[in-house]
Amino acid sequence: PKVLFDELKSVKLPAFYVRLSLNGAEIYLKKIKCAPDVFERSDMCRLLDEKGEFYAVGELKDYPDGKAIKIRYRFV
């Protein structure tokens, strides 16, 4: 799957946020200190675990508490 999504920017998450995302939670950019400019051309990104392993494609959306990434396609 990695080759298919190479054009997407990647966001590396600490283990705590990997677990949250895999359980369906949205990950707020402000919590992971991710600048919104990561998404300059797309609202999609590759999600990487703390080891740099690609595990999902996330989608950026607006939520009541701000912009957040939620898994769209999971590969684990």
Side-chain angles (χ1 to χ4, degrees):
K2 181 181 180 289
V3 175
L4 294 174
F5 303 106
D6 270 350
E7 75 280 356
L8 299 178
K9 298 240 180 170
S10 60
V11 175
K12 190 173 181 181
L13 298 174
F16 174 76
Y17 290 108
V18 171
R19 283 192 305 277
L20 285 178
S21 68
L22 288 171
N23 285 310
E26 57 273 351
I27 307 301
Y28 288 90
L29 297 185
K30 61 186 175 189
K31 295 282 187 178
I32 59 170
K33 296 178 175 65
C34 178
D37 64 350
V38 167
F39 300 94
E40 61 200 25
R41 292 182 304 202
S42 173
D43 59 352
M44 305 289 269
C45 68
R46 292 183 297 135
L47 295 178
L48 309 178
D49 65 17
E50 66 279 0
K51 297 176 190 170
E53 297 290 324
F54 172 57
Y55 72 93
V57 171
E59 182 175 25
L60 179 73
K61 289 187 177 181
D62 287 317
Y63 290 90
D65 291 332
K67 291 190 180 294
I69 304 167
K70 190 164 184 170
I71 288 181
R72 178 80 181 260
Y73 305 105
R74 181 177 164 171
F75 302 104
V76 178

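Model, not experiment: these values are computed from the prediction.
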Separation of Leu13 CG from Ile69 CD1 (nearest 0.5 Å): 6.5 Å
Exam field: side chain Lys70 to backbone Gly24, donor-acceptor pair closer than 3.5 Å: yes
Residue pair Tyr73, Met44: steps toward the side chain to side chain contact (heavy atoms under 4.5 Å, CB included) verdict: CA-CA 10 Å; Tyr73 305 105; Met44 305 289 269; 3.9 Å; yes
Where Tyr55 and Val18 come nearest, the two heavy atoms and their spacing: OH-CA, 3.7 Å
Pairwise side-chain contact, Leu29 with Val11, heavy-atom cut-off 4.5 Å (strictly under): no
Listed partners of Asp65 passing side chain to side chain donor-acceptor pair (under 3.5 Å), at least two apart: none
Salt bridge (Lys or Arg N to Asp or Glu O under 4.0 Å) partners of Arg74, counting only residues at least two apart: none
From CZ (Phe16) to CD1 (Ile27), nearest 0.5 Å: 8.0 Å
Nearest non-hydrogen partners of Arg46 and Asp6, listed with the distance: NH1-OD1, 4.2 Å
Cluster overlap Leu22 with Tyr28, hydrophobic side-chain contacts below 4.5 Å: no
Pairwise distance OG(Ser21) to CD(Glu26) - rounded to 0.5 angstrom: 11.0 Å
Shortest non-hydrogen contact between Ala56 and Phe75, atoms and distance: CA-CD1, 3.9 Å
